[in-house]
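Since this is a predicted model, take the numbers as computed values, not measurements.
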Amino acid sequence: MRSRTQLPQVGQFGDWMRNSHIKDHPSHGFFQEYSLELKSVKAGYPILASSAKQEDIDIFLLQGIQHQQENVNQEQQLDESECSSQPPCTPTDGASCFELGGSPLKTSFMDLATGKFKTPEKRKPRSVKGDWYPIDSARARYFLSLYALACNPCIPPDDRVIDSTVEDLPPLWVLCNGHDVEHTVYVGSEVVKRKDYMGLSTYTVTIDGPFEKHSRSIMTIEDVVKSNLWGGYHSLGPTKAHASFVLLGDHWDNKSSNIELDIRWEMVHKVLQKPPNNAAATAHVKIVPGDPTIPTYALYKELRFLKNLHSALTIGEITWQNDNNESTTLAAVKMLIEEFDVRLDNTRKEEKDDLHNDTRQLMSDSNAMLQRVDLDFTDKLWNILIESSSYTELLDSFREVFTALQAGHIEPMVNQRNNTQLARLVRDSYSGKMATPDLTGALPLQLLLEIGIEKLTVDYVTAFLATEVVHLFDLDYYLATSRADYGCQLRVTEKLHAVAELLVLCKVFLELPDKQLGIFARHALKQMEHSDDEEPEFTMPLPFENVMSSCQSDAPAMWGIEVSTERDQQYLTTRYELSTAVPFPHMWKEDAETGGSSTRHTDGRDEDVRYFCTLIRHSHMQFL
């Protein structure tokens, strides 16, 4: 039993945690004495990375420091016999092995409750990735014990230097190195306050693998249920399963667009069971513009150049898309003028009508749904001027256009809603009232930026309407003409591009029917009205029958089961998850042993898929 003289240190620990963000606070010296560092992170940082999305709350993450990790890596080079004869941790000065906690019935050599000897699996030393410096699980549990005592309101106030209100103490998670028998990678605790009592939730996260899907090392449903039972009376809740299917991108990669289906159901019969017909499906789509493999990439390049033009108006520097000294932009502009020359006999109107009749058929193709053919004069001029190689070439091109307009040689058509400066000048030229602008300074760039924004906006709107997934009134926000600032107009264009990319991805990879595609598109349009995220994420529940084929033909990137038990206001939840990628990056590096950071197949077959196995035990008990 700990002496009462040690209990004030518990209060100091809680106080140090609460004030650890203060640079000169004694907490820094306390943790450095233990060769540890405590930092505040978000819950989704890596904690329970293989589980469902966590709330965006602050937590404390406790881990080792760099020089300590280097010493640990050197100690791992000891021979197997010497390693097996050492206790699972080496206490720091002033701390005994008893104080480091752990179950009194288990040691690193045997389980006293069963009498069975256990030999820890010897892992190859692995390099630490990034800022990961895990510690052994025994030391981690010692600090969780301090945390629990600091949070316990039942300890007399004289024995703890801490406020009586402890629910404001953030959750504490400790990064573990997995060198114990169970390969523990995280342990954590948090205070839970109910109406009539206060308790403590404790988490233990272990990992093993990777294993083939038919390996006996993978737990069965019966094994998971048994691991979640208390002795004596208990109330076992229903088993819940969830599976994630990645149709595009990577579940663990945030640098590219991805589509993931989250499927949930109850009444699980076996591990890696296929979702039943009554499962609930939710699509998660993240858009990261700029993927050259997506049909919207051509429009993205135009959007990127628009952003470049807008930046040039602010900083005075621009990077032209075409750096070829032998650019033919000016010659292309002259050919465009000839196309619209009223003095020449041509059949342009008849050809245009034929193209207009084919628009609906072209839009039905998912790979060409954003290729608009009914372009007006400013649209065609944009397609040419975007290839300009210099400011001088751009200036000369505009001079050719305005000369032809002023002389009345061309009377080009512009869209009725086209309210750019160039469109207004074109309309003035019909009656011979056009005043040639002074093409000096930044005006040519402004004219080009305006017609580019107009062209892309009409591209997106036409695609939405042609595929009949949205109605015109759904686009009122995006078609508002009251925005005078180029930055605001450009941001609206970026939002339309994100929804257009979502539409293409869902049509190609999810193969949704038009009804569901329309619901998703309208939801995304409404979401983007209030969002400025350049890499938005969209979530939408879908009927499972619409995505059943994707779930039946492919292996899940993640599959999990959850079992809960309740007894006397005490709860125990066990979550067992299989994932094709390493869920905790501090445990494995990308080497030949694991085959990289992911074991996911690339040929559509799931026979050779290997899974990392994660066991998450969550217990909740009331303070006594």
Which value, rounded to the nearest 0.5 Å, describes the distance between Cys506 atom SG and Gln516 atom CD?
10.5 Å
So which atom in Leu144 and which in Gly188 form the shortest heavy-atom distance, rounded to 0.1 Å?
CD1-N, 3.7 Å
Note, Trp173 side chain near Val205 side chain (heavy atom, < 4.5 Å)
yes
So, do Thr282 and His242 sit near enough that their side-chain heavy atoms are less than 4.5 Å apart?
no
Partner of Leu505 under side-chain contact (heavy atoms from CB on, under 4.5 Å), picked from Leu248, Asp291, Asn258, is Leu248
Between side-chain atoms of residues 523-533 and protein atoms elsewhere (two or more places apart, or another chain), which donor-acceptor pairs fall under 3.5 Å?
residue: His523; atom: NE2; partner: Thr539; partner atom: O; Å: 3.3
residue: Gln527; atom: NE2; partner: Glu537; partner atom: O; Å: 3.0
residue: Ser531; atom: OG; partner: Asp533; partner atom: N; Å: 3.2
residue: Asp533; atom: OD1; partner: Glu535; partner atom: N; Å: 3.0

Find out whether Leu510 and Ser550 are in side-chain contact, i.e. whether some heavy atom of one side chain is under 4.5 Å from a heavy atom of the other.
no
Tell me yes or no: between the side chains of Ser201 and His620, is some donor less than 3.5 Å from an acceptor?
yes
The salt bridge (charged side-chain N to carboxylate O under 4.0 Å, His left out) partners of Asp262 (sequence neighbours excluded) come to Arg264
Scanning both residues in full, the closest heavy-atom pair of Cys551 with Phe544 reads SG-CE1, 4.0 Å
Counting C-beta onward and ignoring hydrogens, is there a side-chain heavy-atom pair between Val224 and Met219 closer than 4.5 Å?
yes
Locate the shortest heavy-atom distance separating Tyr147 from Glu190; write the atom from each residue and the value.
OH-CA, 3.5 Å
Can you tell if the side chain of Leu175 reaches within under 4.5 Å of the side chain of Tyr186, non-hydrogen atoms only?
yes
Min side-chain heavy-atom separation Tyr611-Pro210 under 4.5 Å
no
Got Phe538 and Phe520 here, is their nearest side-chain heavy-atom distance under 4.5 Å?
yes
Mind listing the closest non-hydrogen atom pair of Gln552 and Pro275 along with its distance?
NE2-O, 3.4 Å
Can you see which heavy atom on Cys176 is nearest to which on Thr184, and at what distance?
CB-O, 3.2 Å
I need the Asn278 CG to Glu545 CD distance, nearest 0.5 Å.
11.0 Å
One pair to check against side chain to side chain contact (heavy atoms under 4.5 Å, CB included): Arg575 and His618. What are the steps and the verdict?
CA-CA 8 Å; Arg575 186 161 61 246; His618 170 208; over 6 Å; no
Using only atom types and a distance under 3.5 Å, with no angle test, would you say the side chain of Trp559 pairs donor to acceptor with the backbone of Gln273?
yes
In chain order, what residues pass the side chain to side chain contact (heavy atoms under 4.5 Å, CB included) check against Arg617, with sequence neighbours excluded?
Ser227, Leu572, Thr574, Leu615
Can you name the closest pair of heavy atoms from Tyr576 and Ser217 and give their distance?
OH-O, 4.3 Å
Atom pair OG1/NE2 of Thr220 and His269 - distance to nearest 0.5 Å:
14.5 Å
